[in-house]
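What follows is one structure encoded as structure tokens, with my remarks underneath.
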Protein chains: 2
Amino acid sequence: MARWRPDSRRRLQDAAVDLYAERGFAETTVAQVAERAGLTERTFFRHFADKREVLFANEDALRAALADAVAAADADATTSEAVLAGLDAVAADLQPRRDELRRRTPIVAATPELGERELQKLASWRAALQSALLDRGVDAATAHLASEVGIAVLNVAAQAWLAADDEGDLAAGVRARFAALRELA
Amino acid sequence: MARWRPDSRRRLQDAAVDLYAERGFAETTVAQVAERAGLTERTFFRHFADKREVLFANEDALRAALADAVAAADADATTSEAVLAGLDAVAADLQPRRDELRRRTPIVAATPELGERELQKLASWRAALQSALLDRGVDAATAHLASEVGIAVLNVAAQAWLAADDEGDLAAGVRARFAALRELA
DNA sequence: TACGGTGATGACAGCGGCTGACATCACGGT
DNA sequence: ACCGTGATGTCAGCCGCTGTCATCACCGTA
């Protein structure tokens, strides 16, 4: 048998979500999370920079997927189409993780400290989208506005998708809100 | 002579800005801030909820000014005019504090922890603006979009205002960017 | 097979953010 | 003269987070 059970990182994430949900974020100590995962507090901090990061582990991969999809869009695609391609990529990654995200949502909503971190995540996605649009040659003002609006659309659609009773299709929700936005302008 | 020198709160804010700027936020301990202000660490935490809050003390007053100005706008003003009235009120409060804000900006920019808190501040202003618009009878979708865009405009204008060499007029910058936005749509 | 490098983990000490509890003491009113 | 009241000090203690060093399975290589 191996010296250590595999998937330490995953075990820490599962333990953290369980405990944060059971007794609250502030009332859970990192030592308790580590103990439930069969590890020590020190090892927790080797995997995650701080107590919050364990809930934000996939942020980088999603940001990369967003940027890659925008870059991969047809060279003659409009700005809107490129943004939509990026949002579609994020939606595709999120879609199969709905149950996990539904457990996560109330924890983040209940803790201002985590809500702040969530805003930071959205800001980093917006910056990545803006940068990917600039790389396509979109002018700065349009890139700024489009990235703001694009992330706002994604966020609103995702909230509705998570709140709905049935499973739903996140990508469809994104497209629907995009269309509604066009009507406003 | 009084037992305590007056203006403890103000002294703590001044000491914090000085020390955070001199040696960095992370490298400054709360005890050092308190000592420079002639107080104890415990007293710091009676005035400010945490080490960051000392840089965000006027947030509530500005949010209230924003909401009040939107509520006070003419009943038949358009949504844009109401938003602009709110932004003007914030600009008027900010204008005389330019020097103080210019000292604050690089500190916040240099510290991710403070950048996160700054995003939270903008989000709270956006929520206040949205809520004030809803109270005027603006429909939900428009109120959401207008609050997002309104705060984005304020933020962009404020950054340019603080970065400029001359003093400038923040309210004029806000109006200019508002006009530019209309051209985009 | 022996052996040295590697990488994940553990053990431990220590700093600093933050809190609760209780004491102190000028001031202002009665 | 006395008694609240409110701002501050003092002290003890938890917990987030970090640096440092030890441990030990695994893996390639001679």
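Here the structure is a predicted model, which means the values were calculated and not measured.
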Which residue pairs pass the salt bridge (Lys or Arg N to Asp or Glu O under 4.0 Å) test when at least one of the two sits in residues 111-123 of chain B, sequence neighbours left out? A:Arg52-B:Glu116, B:Glu53-B:Arg117, B:Glu59-B:Arg117, B:Arg104-B:Glu118, B:Glu118-B:Lys121
Report the residue from A:Val54, A:Leu55, A:Val33 that forms a side chain to side chain contact (heavy atoms under 4.5 Å, CB included) with A:Val17. A:Leu55
Check the distance between C:dG16's C1' and B:Arg52's CZ and give it to me in whole angstrom. 16 Å
Going by number, which of residues 33-46 of chain A have a non-hydrogen atom under 4.0 Å from DNA chain C? A:Gly38, A:Leu39, A:Thr40, A:Arg42, A:Thr43, A:Arg46
Under 4.0 Å between a side-chain nitrogen and a carboxylate oxygen: does that hold for A:Arg175 and A:Asp88? yes
Provide, to the nearest angstrom, the distance between the NZ atom belonging to B:Lys51 and the P atom belonging to D:dC17. 13 Å
Nonpolar side-chain network containing B:Val156, other nodes, edges under 4.5 Å: none
Rounding to the nearest 10°, end axes of the helix from C:dT1-D:dA30 to C:dT30-D:dA1 built from five pairs each make an angle of 0°
Roughly how far, to the nearest 0.5 Å, is the CD atom of B:Glu27 from the CG atom of B:Leu19? 12.0 Å
So, do B:Asp135 and B:Ser131 sit near enough that their side-chain heavy atoms are less than 4.5 Å apart? yes
Those residues that, when tested against B:Ala158, pass side chain to side chain contact (heavy atoms under 4.5 Å, CB included) (two or more places apart): B:Leu170
So, is B:His47 close to the D:dA7 phosphate, meaning a side-chain N or O under 4.0 Å from OP1 or OP2? no
Below the 4.0 Å mark, does D:dT8 have OP1 or OP2 next to a side-chain nitrogen or oxygen of B:Ser8? yes
Under the salt bridge (Lys or Arg N to Asp or Glu O under 4.0 Å) test, which residues partner A:Asp14, sequence neighbours left out? A:Arg10
Quickly work out the A:Glu53 CD to D:dG16 C1' distance and round it to whole Å. 14 Å
On DNA chain C, check which nucleotide each of B:Ala26 and A:Arg11 is closest to and give me the residue with the more 5' one. A:Arg11
Note: A:Asp99-A:Arg102 ion pair, threshold 4.0 Å (strictly below): no
Rounding to an integer number of Å, can you tell me how far B:Leu19 CG sits from C:dG17 C1'? 16 Å
Value in whole Å for how far the P atom of D:dC17 lies from CG of B:Asp50: 13 Å
Separation of D:dC15 P from A:Glu113 CD (nearest whole Å): 15 Å
Rounded to whole Å, CZ of A:Arg117 lies from P of D:dG16 at a distance of 18 Å
Measure from CG on B:Asp7 to C1' on D:dA7 and round the result to the nearest Å. 14 Å
